[in-house]
Structure formats: structure tokens, C-alpha cells
Amino acid sequence: TLNTQQLTVKDGGRVDASTISSGAAGSITINASDKVELAGFSTIGEVIIPSLITSSADIADKSLQGILGIPVTLAGDSGAVIINTNQFNIADGALLAVKNDGSGNAGRLQVKADSININNQGTISATTASGKGGGIDLQAQNLILRRNGNISATAGSGDGGNININVQVLAAFENSDITANSQGSFGGKVIINAKGVLGT
């Protein structure tokens with residue numbers, strides 16, 4: 001739990017509660033009275049590392065599995081990510097996510113803010129390989145997506161999670177998307193309650 005006036009995560013930095021085995025991942029709660037800024041990425045060689053706030057279950061590298069005795073099967077559930085702030089900005093390839101690459105369930109992702117701005121390939125996502133898909137809940141006065149901003153809930157063989165958006169104004173421009181789907185089962189629902197919807 002982070003209690004602060006302002007949180008900035010940039011240039012490949014991360015706030016991360018994750019599991020690589022059978023235990024559950026932790027949850028993250030951020031209470032920022034002013035704003036949360038999540039932006040940019042770093043690179044190691046040709047590998048792009050986005051700035052990240054996440055609770056996830058990640059399959060460990062095979063070399064680490066042997067060295068650390070990590071089970072090959074990833075079974076732990078992901079935790080929740082909850083952000084309460086006045087202004088939430090995500091931009092320039094950064095990622096806010098709950099994710100599970102194993103058999104466990106993805107967690108819940110919730111943002112409550114006066115304004116949410118997703119710009120220039122910023123992404124809010126909930127993904128799972130075979131467990132129950134993670135849900136996304138966004139509550140704000142204004143939700144603005146620009147320049148390939150993305151909100152997505154994606155599942156592999158399991159059911160996809162739902163996206164619930166409660167706002168006064170939703171605006172999505174310049175190839176920005178809101179999607180919920182599953183490759184092998186039922187895709188989630190996108191439920192939008194808004195007084196005004198522009199561009200999407």
C-alpha cells in the first residue's frame with residue numbers, strides 16, 4: 001500500500017507484486033491525493049521494458065527454474081491493483097496491468113479518479129492464459145484515450161474478464177480501443193455508463 005501526494009513511475013520503473021510459483025501474488029493499493037503518472041519505457045539491447053504497475057503471475061526463465069528450484073507449473077493467482085487518485089495519466093508505452101501466464105486467475109484492476117488520461121500507446125490490461133480473466137473497473141469524471149491508447153481484457157482458453165466504465169465523458173481518438181475477448185471461450189463484456197461518448 002502506497003499513500004502519497006504524487007506517484008511517478010517512468011523510464012522502465014515498476015511497482016510490482018508478482019508470483020512465479022504456486023503462491024498467490026500480492027495486491028497493490030495506491031492512494032495518491034494529487035496524481036499518478038505512469039509513462040515511458042527503457043530498453044536492454046532490443047528488449048523494451050515498459051514502465052509498469054502490476055500484480056501478476058509470470059513464468060520464470062528456464063535457467064532460473066533450475067537454479068532456484070521453481071516448479072515448471074505456474075499455479076498461483078494474481079492479486080488486485082487498486083488506484084485512488086485525483087488524476088491518473090498513463091502514456092508513451094507504459095502499462096497498468098493484472099496478468100496471469102499460468103493456470104491461476106487474473107486479479108481485479110480498479111481505478112477511481114477525477115480524470116483518467118491514456119495517451120500514446122499507454123495501456124490498461126487484464127490478461128490470463130487459462131484461468132478466469134481479470135476484470136477492469138474505471139470510475140472517473142473524464143476518461144480520455146488518444147494516439148493508440150488501449151483498455152483490454154484478454155483470456156486464452158478461459159472466460160474473459162469484464163470491463164466496467166462509469167464516467168461523465170468518454171472520448172477515444174486516433175485509433176484508441178476498448179476490447180474484451182477470449183481466444184478459446186466466452187469473451188468478457190464491455191459495460192459503459194456515460195453521459196457523453198465521443199470518437200468511439
Side-chain angles (χ1 to χ4, degrees), residues 1-21 23-61 63-64 68 70 74 76-102 104 106-129 134-140 142-154 161 176-177:
T1 301
L2 301 176
N3 297 306
T4 183
Q5 181 177 348
Q6 180 174 324
L7 174 65
T8 301
V9 182
K10 65 179 185 177
D11 300 335
R14 63 173 55 202
V15 179
D16 188 343
S18 62
T19 180
I20 54 175
S21 187
S27 293
I28 296 170
T29 300
I30 298 169
N31 301 307
S33 58
D34 185 7
K35 64 181 175 180
V36 175
E37 298 269 2
L38 179 60
F41 57 89
S42 64
T43 58
I44 298 178
E46 296 182 355
V47 178
I48 296 174
I49 301 171
S51 301
L52 183 65
I53 299 174
T54 186
S55 177
S56 62
D58 300 305
I59 295 176
D61 182 87
S63 60
L64 285 177
L68 301 178
I70 298 169
L74 175 63
D77 290 338
S78 302
V81 176
I82 300 169
I83 297 176
N84 301 301
T85 189
N86 182 47
Q87 183 174 345
F88 177 68
N89 300 326
I90 177 169
D92 304 328
L95 178 63
L96 172 66
V98 288
K99 180 179 68 133
N100 198 310
D101 290 336
R108 169 174 116 261
L109 197 160
Q110 177 181 299
V111 180
K112 292 183 179 180
D114 185 60
S115 64
I116 300 173
N117 300 291
I118 305 170
N119 188 28
N120 194 27
Q121 299 182 23
T123 297
I124 295 176
S125 73
T127 61
T128 186
I136 298 174
D137 294 294
L138 305 178
Q139 298 183 38
N142 302 308
L143 171 58
I144 311 298
L145 297 91
R146 297 193 58 195
R147 300 172 62 200
N148 297 288
N150 189 46
I151 300 170
S152 67
T154 304
S176 297
D177 291 314

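The structure presented is a predicted model; accordingly, all values stated were derived computationally and were not measured.
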Please report the shortest heavy-atom distance between [X] and [Y], naming the atom on each side.
X	Y	result
Gly107	Ser78	N-CB, 3.6 Å
Ser27	Ala80	OG-N, 3.0 Å
Thr85	Lys35	OG1-CA, 3.2 Å
Asn100	Asp77	ND2-CA, 3.7 Å
Arg108	Val98	O-CG1, 3.8 Å
Val15	Ile28	O-CD1, 3.7 Å

Determine whether a donor-acceptor pair (N or O, by modelled atom type, separation under 3.5 Å) exists between the side chain of [X] and the backbone of [Y].
X	Y	answer
Ser51	Asp11	yes
Ser21	Gly23	no
Ser56	Lys99	no
Ser55	Val81	no
Thr54	Ala97	yes

Under 3.5 Å side-chain donor-acceptor pair for [X] and [Y]:
X	Y	result
Asn86	Asp34	no
Asn117	Asn89	yes
Gln121	Asn148	no

In Å and rounded to the nearest 0.5 Å, what is the [atom1] to [atom2] distance from [X] to [Y]?
X	Y	atom1	atom2	result
Asp58	Ser18	CG	OG	5.5 Å
Leu145	Ile124	CG	CD1	7.5 Å
Leu95	Arg14	CG	CZ	9.5 Å
Asn31	Asn84	CG	CG	5.0 Å
Leu96	Leu52	CG	CG	8.5 Å

| request: Kindly indicate, with the supporting measurements, whether the criterion side-chain contact (heavy atoms from CB on, under 4.5 Å) is fulfilled by Asn142 and Ile116. | output: CA-CA 6 Å; Asn142 302 308; Ile116 300 173; over 6 Å; no
| task | Go through the steps to decide whether Leu138 and Phe88 satisfy the test side-chain contact (heavy atoms from CB on, under 4.5 Å), and finish with yes or no. | result | CA-CA 11 Å; Leu138 305 178; Phe88 177 68; over 6 Å; no
| Any side-chain heavy-atom pair of Leu2 and Thr29 under 4.5 Å | no
| request: Show your reasoning for whether side-chain contact (heavy atoms from CB on, under 4.5 Å) applies to Ile53 and Ile30. | output: CA-CA 10 Å; Ile53 299 174; Ile30 298 169; 4.0 Å; yes
| task | May I have the step-by-step check of side-chain hydrogen bond (donor to acceptor under 3.5 Å, both in side chains) for Asp177 and Asn150, ending in yes or no? | result | CA-CA 5 Å; Asp177 291 314; Asn150 189 46; over 6 Å; no
| request: Under the side-chain contact (heavy atoms from CB on, under 4.5 Å) rule, what do Ile118 and Ile151 come out as? Steps first, then yes or no, please. | output: CA-CA 9 Å; Ile118 305 170; Ile151 300 170; 3.7 Å; yes
